[in-house]
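A quick note: this is a predicted structure, and the numbers were derived from the prediction, not measured. Below, chain A is the first sequence line, B the second, and so on; all start at residue 1.
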Amino acid sequence: MNKQERYNPQVIEPRLQREWVESRLYFAQPNPDKPKFYSLVMFPYPSGDLHMGHMRNYTIGDVIARYHVMQGYNVMNPMGWDAFGLPAENAAIKDGIHPAVRTPDNIERMKEQLSKMGLVYDWDREVASYLPSYYKWTQWMFLLMYRRGLAYRKEAAANWCPVDRTVLANEQVVDGHCERCGAEVIKRNLVQWFFRITSYADRLLDSLDTLDEWPDRVRTMQRNWIGRSTGAEISFPVEGTDHTIPVFTTRPDTVFGATFVVLAPEHPLVGRITTAEQRASVQQYVERASRETEIERLSSDKEKTGVFTGAYALNPMTAERIQIWIADYVLVTYGTGAIQAVPGGDERDYDFALKYGLPIIQVVEPISASGEANDEGASDPSVAPVYKEGAAVPVYTGYGVMVNSGPLNGMTTADAKAAIIQMLEAEDKGRGTIIYRLRDWLISRQRYWGAPIPMVYCRECGEVPVPEEQLPVELPLDVEFTPGGESPLTYVESFVNTTCPQCGGPARRETDTMDTFVDSSWYFLRFCDPHNTEEPFAPQRANYWMPVDQYIGGVEHAILHLLYSRYFTKVLADAGMVDVQEPFRRLFTQGMITKGGAKMSKSKGNVVPVDEMVESLGADAARLFVLFIGPPEEDAEWNDRGAEGMYRFLGRVWRLFEGRVVVGSSGGEHAPGDYSQADRDLLRKMHLTIKKVTDDIKRFHFNTAVSATMELANAMQAYRDAHGPEKAAYQAAAGNLLLLLAPMAPHITEELWRSSGGEGSIHTQSWPHFNAELAAAEKVTLVVQVNGKVRDRLEMSADITQAEAVQAALGSAKVQQHLDGKTPEQVHYVPGRLVNIVI
RNA sequence: GCCGAAGUGGCGGAAUGGCAGACGCGCCCGCCUCAAAAGCGGGUGAGGGUAGCCUCAUGUGGGUUCGAGUCCCACCUUCGGCACCA
């Protein structure tokens with residue numbers, strides 16, 4: 001093959017990209033002879049344009065896939081499109097182009113961009129969530145949930161985004177604002193579909209421990225999100241009525257200190273127990289609370305307010321008559337919507353008690369510093385008892401010994417918890433329980449561009465699921481996009497009016513669509529069997545490929561997408577569809593690429609388009625640059641000049657192959673003795689580089705993997721200047737340089753491999769072998785320190801003994817000068833590396 | 001407030017407790033050229049010294065160690081998550 005005169009990516013890259021597709025190298029089939037490797041990058045929303053964030057993400061995925069092929073794995077590396085969602089619909093309202101028209105165009109554009117980056121996918125497995133062939137099975141998933149009692153409908157105060165005109169899941173509300181458009185979210189009472197994710201809360205939490213190849217950061221975020229609290233539910237009878245108020249507390253041990261009860265303003269008992277005298281002020285308070293926005297309400301620096309209901313409860317342990325208040329610092333959505341207020345043991349209750357003159361009792365005393373420890377430690381020194389202004393009793397939230405607590409007196413906090421739960425249960429006044437912060441997943445969306453929820457409502461039969469054989473419930477295409485309306489589906493008579501699958505009578509279809517997170521909660525399973533028309537996927541195919549061995553994506557999905565996907569996988573496992581309990585064995589979350597300190601986005605106008613760079617410098621240079629820009633798990637600031645350095649490097653690699661350079665088997669393996677000193681040095685560098693690049697790819701340190709290949713290229717350059725390119729050592733280094741760079745810069749390495757006599761595609765070669773013997777140093781630089789300061793460096797043979805090393809160190813003139821005639825007290829020796837003389 | 005991560009040259013960053021600043025960007029000098037681009041070679045933390053070299057230096061202050069960017073304690077700053085969650 002003729003070598004090009006100069007490195008010219010614009011010529012070689014498109015040609016090789018075509019060849020890779022034609023050779024079907026990355027099209028995966030089950031293969032019993034090789035271990036499988038399922039490599040997956042989070043599928044994108046087809047906005048139409050790839051940006052540098054995508055580029056970083058997909059390049060990493062591509063390196064991992066290509067590397068594992070060279071390591072001998074049977075690799076599946078699929079790609080698809082998370083194509084339903086608001087942006088397409090909002091664009092349709094704006095310019096009238098139907099999402100069903102725009103989406104495939106965008107997908108085509110993005111596919112072309114992916115291909116121009118040299119990214120190789122198994123396009124036979126491509127899926128797009130907006131196609132009926134896919135969402136048929138999303139609807140099937142809904143029916144599965146419904147069958148298993150995990151999908152239900154209820155009226156609830158939902159988070160409503162007034163701009164996007166739809167409800168949002170709790171997870172999509174950030175600081176009281178819509179995650180997507182930033183508008184302030186308001187509460188609206190609507191009948192909505194939910195998935196019962198809370199019944200999997202324990203399993204979702206506990207099996208996080210099995211995900212030891214996930215970043216701790218993500219596991220912690222999920223743990224916080226699920227928010228398991230262990231404690232007790234205790235019933236407080238309302239004096240003079242049949243009502244009881246159940247409260248949840250994590251500190252049942254402090255129940256003897258409960259001096260009042262607080263209900264959330266929305267608590268259903270408020271209206272029933274409020275006395276006539278207090279009615280007016282309670283009503284006023286409830287109304288004011290309901291007008292407040294979520295953000296005002298939840299601000300913790302706000303001074304606490306509340307109002308007495310006039311009613312009294314009885315402390316179940318002391319039988320003391322205690323006041324019942326309402327206050328908006330108690331949330332109706334958490335626990336039972338009511339609390340036992342223990343001002344002596346809780347700062348919020350303490351502040352409230354001080355403000356309204358309610359009694360404060362101390363029930364826990366810190367254990368003195370020398371006091372005995374228990375399971376919950378001794379008293380916690382970080383929370384000392386505090387007397388606030390006007391208080392006769394301190395507030396102490398830590399652990400310690402019970403006082404003023406009847407039978408609990410003298411017990412430690414931990415013992416008291418166990419004892420009180422036993423007493424409560426024996427006397428039927430309460431029970432030990434666990435609650436979660438996690439809410440059920442609200443999946444209804446009042447929007448058009450999503451998978452219709454497959455339910456119909458019949459006057460006779462009520463709510464009826466669409467039978468499986470009638471799926472998919474197709475999204476009608478002939479709709480009006482009018483700004484400010486409800487979902488266009490509501491106005492499509494032919495869609496809404498249907499017959500009841502049970503009685504055949506007239507019925508109406510559900511017009512809400514599903515949250516797009518439902519679409520993406522199972523796509524990794526569809527990739528295992530993408531053309532199946534009988535099932536969402538065949539269990540035995542999923543069981544071959546699952547779990548995903550390496551999942552790669554942005555940390556912004558650390559909670560939502562990953563939690564939902566884990567939930568789906570567990571439900572499908574329970575349904576016998578798949579064996580694994582966890583979908584993603586190893587997770588890598590990459591950082592964002594920023595420009596001017598901000599995430600790249602169209603609205604900020606700081607997007608660096610992929611096309612331009614690929615056209616001017618080539619895909620390989622662009623790929624190397626995004627790998628080199630910094631540690632991939634961290635955010636990286638974009639720098640326009642950096643990519644040129646990568647182009648220069650590739651030009652240098654290209655020139656290393658000028659002249660008669662032959663790679664592959666003919667590169668020659670000789671016994672070490674055949675080599676000159678320079679040869680051995682080059683081979684040593686080569687082997688050290690093999691080790692470094694291999695280790696770095698394994699731990700996702702692509703920036704240093706690229707550096708290592710640069711160092712090898714620099715060593716080759718120096719060797720070549722002195723000895724020329726013909727010798728076997730150089731040829732071996734040349735071949736291995738290409739192999740090591742192949743996953744990262746696939747085009748130039750393929751081209752040079754072939755033009756230098758390599759057989760077949762470089763991407764089907766075996767990954768180079770590290771030879772520790774050839775990598776071993778012959779000479780070492782012995783660092784000599786005096787009192788820990790470097791004073792000399794000595795070139796020594798690698799096999800020197802300690803005695804020889806120390807002698808040489810003491811013999812150094814520079815060392816003698818610093819010894820200044822004193823005798824060494826101690827000598828520390830690190831074999832082959834360092835002598836430290838202490839005087 | 002709680003939890004977590006990170007602070008290293010002009011910049012991105014590198015460094016199993018053992019030579020701080022690899023590699024790259026930028027900048028400076030030189031070679032090549034009529035000239036430029038490209039390329040190649042050299043230099044580039046700060047301060048001092050003609051020089052051999054010396055001193056200082058990894059957010060701040062302590063500590064452990066023969067030896068600390070790395071480990072421990074306290075603090076400062078930035079970022080991320082959670083947050084009136086009982």
Side-chain angles (χ1 to χ4, degrees), chain A residues 6 174-175 215-225 227-229 231 247-252 254 258 262 264 297-304 327-331 333-342 345-349 351-352 382 397 435-437 555-556 558-559 591 597 624-625 628-631 633-649 651-652 655 692 701 703-711 713-714 717 721 781-793 813-814 817 824-830 833-839:
Chain A
R6 281 184 51 167
V174 178
D175 289 334
D216 285 341
R217 181 169 52 146
V218 174
R219 290 199 290 174
T220 305
M221 282 163 72
Q222 294 223 346
R223 221 169 261 131
N224 289 343
W225 191 263
R228 176 158 66 191
S229 294
V247 306
F248 174 79
T249 177
T250 54
R251 294 293 300 273
T254 64
V262 187
R297 173 85 186 267
L298 292 178
S299 128
S300 52
D301 4 294
K302 194 179 84 169
E303 197 183 336
K304 294 189 184 7
D328 65 0
Y329 79 94
V330 175
L331 309 174
T333 50
Y334 185 75
T336 61
I339 61 161
Q340 59 161 1
V342 183
D346 183 287
E347 278 211 53
R348 294 157 301 180
D349 299 343
D351 292 343
F352 195 83
S382 65
T397 59
I435 65 162
Y436 302 90
R437 207 194 73 107
V555 72
E556 65 273 19
I559 296 173
L624 285 187
F625 180 57
F628 190 73
I629 193 165
E633 68 277 12
E634 281 167 35
D635 292 351
E637 173 67 18
W638 184 255
N639 167 0
D640 286 315
R641 300 303 302 269
E644 289 169 31
M646 299 301 117
Y647 181 77
R648 280 204 283 269
F649 166 59
R652 208 151 67 235
R655 287 190 303 277
K692 172 89 176 139
H701 287 201
N703 52 336
T704 50
V706 174
S707 305
T709 62
M710 287 174 171
E711 286 188 54
N714 291 346
Q717 180 95 47
D721 289 347
T781 303
L782 188 72
V783 174
V784 184
Q785 298 182 330
V786 178
N787 287 342
K789 290 199 170 176
V790 179
R791 294 306 180 187
D792 203 359
R793 302 184 173 99
K814 289 173 191 167
Q817 199 183 326
E825 275 172 37
Q826 289 178 57
V827 177
H828 288 264
Y829 178 60
V830 181
R833 301 180 73 168
L834 176 137
V835 176
N836 188 12
I837 299 162
V838 186
I839 54 172

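Each of A/Asp346, A/Thr249, A/Asp349 was scored for a side-chain contact (heavy atoms from CB on, under 4.5 Å) with A/Ile339, with one residue passing: A/Asp349.
Ring pair A/Phe248/A/Tyr334 is perpendicular by interplanar angle, where above 60° counts as perpendicular and below 30° as parallel.
Going from atom CG of A/Asn224 over to atom P of B/rC82 covers 8 Å, rounded to whole Å. Atom CZ in A/Phe649 sits about 19 Å away from atom P in B/rA38, given to the nearest Å. Distance A/Lys814 NZ to B/rC54 P: 8 Å, rounded to the nearest Å. Distance CZ (A/Arg228) to P (B/rA86): 14 Å, rounded to an integer number of Å. Distance CH2 (A/Trp225) to C1' (B/rG4): 17 Å, rounded to an integer number of Å. Atom CD1 of A/Ile559 and atom C1' of B/rC3 are 13 Å apart (whole Å). A/Gln826 has its CD atom 9 Å from the P atom of B/rG67, to the nearest Å. One interatomic measurement links the two molecules: NE2 of A/His828 to P of B/rA68, which rounds to 12 Å at whole-angstrom precision.
From A/Gln340, atom CD reaches atom OG1 of A/Thr254 across 5.0 Å, with rounding to the nearest 0.5 Å. Between the CD atom of A/Gln222 and the CD1 atom of A/Ile559 there is a distance of 7.0 Å, given to the nearest 0.5 Å. Atom NZ of residue A/Lys814 and atom CG of residue A/Asp792 lie 4.5 Å apart, to the nearest 0.5 angstrom.
Comparing B/rC53, B/rA86, B/rC3 by their closest approach to the side chain of A/Thr220 singles out B/rC3. Relative to the side chain of A/Arg348, the nucleotides B/rA86, B/rG18, B/rC66 differ in distance, and B/rA86 lies closest. For A/Phe248, taking side-chain heavy atoms from C-beta onward, the closest of the listed nucleotides B/rG81, B/rC85, B/rA86 is B/rA86. Distance from the side chain of A/Asp328 is smallest for B/rC84 among the nucleotides B/rG18, B/rG41, B/rC84.
Residue A/Lys789 places at least one side-chain N or O closer than 4.0 Å to OP1 or OP2 of B/rC56. OP1 or OP2 of B/rC40 sits under 4.0 Å from a side-chain N or O of A/Arg655. Between A/Tyr329 and B/rA86 there is no side-chain polar atom (N or O) within less than 4.0 angstrom of OP1 or OP2.
Taking 90° from 0 as the syn/anti boundary, the base of B/rG80 is oriented anti.
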key: Structure string for RNA chain B in dot-bracket form, Watson-Crick and G-U at under 3.5 Å, | interchain   = (((((((..(((.....[....)))((((((.......))))))((((....))))..(((((..]....))))))))))))....

request  = Decide yes or no on side-chain contact (heavy atoms from CB on, under 4.5 Å) for A/Val784 and A/Arg791, but give the supporting numbers first.
outcome  = CA-CA 6 Å; A/Val784 184; A/Arg791 294 306 180 187; 5.6 Å; no

task = Go through A/Arg348 and A/Asp351 one step at a time and tell me if the salt bridge (charged side-chain N to carboxylate O under 4.0 Å, His left out) criterion holds.
result = CA-CA 5 Å; A/Arg348 294 157 301 180; A/Asp351 292 343; over 6 Å; no

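For B/rC2 and B/rC85, the P atoms lie 13 Å apart once the distance is rounded to whole Å. One C1' atom belongs to B/rA5, the other to B/rG59, and the distance between them is 15 Å to the nearest Å. For the P atom pair drawn from B/rG52 and B/rG69, the interatomic distance equals 26 Å after rounding to whole Å. Here, B/rC28 and B/rC34 have their C1' atoms 25 Å apart, quoted to the whole Å. Taking atom C1' in both B/rG4 and B/rU65, the straight-line distance is 29 Å, to the nearest Å. Rounded to the nearest Å, the gap between the P atom of B/rU8 and that of B/rA14 is 11 Å. Taking atom C1' on both B/rU78 and B/rG30, the two are 43 Å apart, rounded to the nearest angstrom. Going from the C1' atom of B/rA22 to that of B/rA15 covers 8 Å, rounded to whole Å.
For the pair A/Lys304 and A/Phe352, the cation does not sit on the ring face, since its NZ or CZ is not both under 6.0 Å from the ring centre and inside 45° of the axis.
No donor-acceptor distance shorter than 3.5 angstrom exists from the side chain of A/Asn703 to the backbone of A/Ile629, with no hydrogens or angles considered. The main-chain N or O of A/Thr397 is found under 3.5 Å from a side-chain atom of A/Arg251 such that the two form a donor-acceptor pair. Remark: side-chain polar atoms of A/Asn787 are paired, donor with acceptor, to backbone N or O of A/Ile839 under 3.5 angstrom.
Counting any heavy atom pair closer than 4.0 Å across all strands shown, A/Arg791 reaches sugar-phosphate atoms only and no base atom.
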message = Within the 4.0 Å limit for protein heavy atoms, which parts of nucleotides 19-28 of chain B are touched? Write it as a string from 5' to 3', B for base, S for sugar-phosphate only, - for none.
response = BS-BBSSS--

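Residues A/Val838 and A/Ile629 each lie close to RNA chain B; by heavy-atom proximity, the contact nearer the 5' end of the strand is made by A/Ile629. Annotation: of the two residues near RNA chain B, A/Asp635 and A/Thr250, the 5′-most nearest-nucleotide partner is A/Asp635.
A donor-acceptor contact under 3.5 Å links the side chain of A/Asn836 to the base of B/rC66.
For A/Arg652, the side-chain contact (heavy atoms from CB on, under 4.5 Å) partners are A/Phe649, A/Arg655, A/Asn714, A/Gln717, not counting sequence neighbours.
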